[in-house]
Amino acid sequence: MSVIVFANPKGGAGKTTCALVLATQLSESGATVTVVDADPERWISAWGNLPGKPNNITIVNDVTEDSVMDRIETATRESQFVIVDCEGTASLMVANAVGMADLVLVPTQGSSMDARGAAKTIRLIANQARLARRDIPHCVVLCRTSAAVASRSLRNVHDQLEQAGIWVLKTGLVERAAYRDLFAFGGTLAGLDPEQVSNVDRAVQNAREFAGEVIITLKEIAS
Ligand SMILES: Nc1ncnc2c1ncn2[C@@H]1O[C@H](COP(=O)(O)OP(=O)(O)OP(=O)(O)O)[C@@H](O)[C@H]1O
Ligand SMILES: [Mg+2]
């Protein structure tokens, strides 16, 4: 059982997209997954109402700042992976979810505005870790990166984060139409129609590498 929390108070950083991509990849590998949908827009719940949701993904969305810890705890008894999609603010709900995490992933786009959002999340994680008197492992996931070029601002953000001692996952989530279309068509990436959605195979490959690195990271943390 692992609790993975996606947090960044910067709106639109990529939390919901990364959370759903990870959930569907883990489910494809046969794992049971509960998504705690704490994003007020409830995108993942809406995806769950479309056809094609794998049976091994459960979505819980009746969460408040008071109930989020209970919801996460219950989910850990029912699924191998619990993924929490947080709202895009620094709230008590986010702090409570972070306090329950085995790993906090901080999706960040390649701009300094986003890097500032990431820095705020990391301060919040550090405070929760002090309260809980334990380490809360966390890393940044670079999102919406260009498939073609590594831009200078992205490299800057990467370097700034690493210089600040922040762990950055090697695999970022590339900008792909398939990740957006997943929310429109439902199901999994592999189930998207390549006639309708461009570069599905590349999105699947990127999503596999991303999920693979998350699993390796969880194993490293556990050992
Ligand atoms: N890798 C990607 N490829 C293509 N589009 C993406 C990608 N990541 C995010 N997006 C798009 O960027 C927008 C914001 O992403 P998302 O909703 O995942 O961010 P968020 O951090 O959950 O936002 P909020 O703080 O509002 O909850 C959405 O329109 C989404 O479709
Ligand atoms: Mg969201």
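Ligands are counted one by one from 1 in listed order, and the atoms in each one are counted from 1 as well.
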Taking every heavy atom of Cys18 against every heavy atom of Val141, the minimum-distance pair comes out as SG-CG1, 4.5 Å
Exercise answer, ligand 1 polar atom pairs (N/O) under 3.5 angstrom:
residue, atom, partner, partner atom, Å
ligand 1, 1 (N), Val174, O, 2.9
ligand 1, 3 (N), Arg176, N, 3.0
ligand 1, 3 (N), Arg176, O, 3.3
ligand 1, 5 (N), Arg180, NH1, 3.2
ligand 1, 12 (O), Arg144, NH1, 2.9
ligand 1, 18 (O), Thr16, N, 3.4
ligand 1, 18 (O), Thr17, N, 2.9
ligand 1, 18 (O), Thr17, OG1, 2.6
ligand 1, 19 (O), Gly14, N, 3.0
ligand 1, 21 (O), Ala13, N, 3.0
ligand 1, 21 (O), Gly14, N, 2.9
ligand 1, 21 (O), Lys15, N, 2.9
ligand 1, 21 (O), Lys15, NZ, 2.8
ligand 1, 22 (O), Thr16, N, 2.9
ligand 1, 22 (O), Thr16, OG1, 2.8
ligand 1, 23 (O), Gly12, N, 2.9
ligand 1, 25 (O), Gly12, N, 3.2
ligand 1, 25 (O), Lys15, NZ, 2.8
ligand 1, 27 (O), Asp39, OD2, 2.9

Are Thr188 and Glu28 linked by a side-chain donor-acceptor pair shorter than 3.5 Å?
yes
Treating Gln109 as the side-chain partner and Cys143 as the backbone partner, does any N or O pair qualify as donor plus acceptor under 3.5 Å?
no
So, Trp167 side chain and Val140 main chain: donor-acceptor pair closer than 3.5 Å or not?
no
Neighbour count >12 (heavy atoms, 6.0 Å) for atom CD, Glu220:
yes
Are any N, O or S atoms from Thr16 nearer to the Mg ion (ligand 2) than 2.8 Å?
yes
Residues Arg71 and Asp62 bridged, charged N to O under 4.0 Å
yes
Backbone of Pro137 reached by a side-chain donor or acceptor of Asp135 within 3.5 Å
no
Heteroatom N/O/S of Asp39 within less than 2.8 Å of the Mg ion (ligand 2)
yes
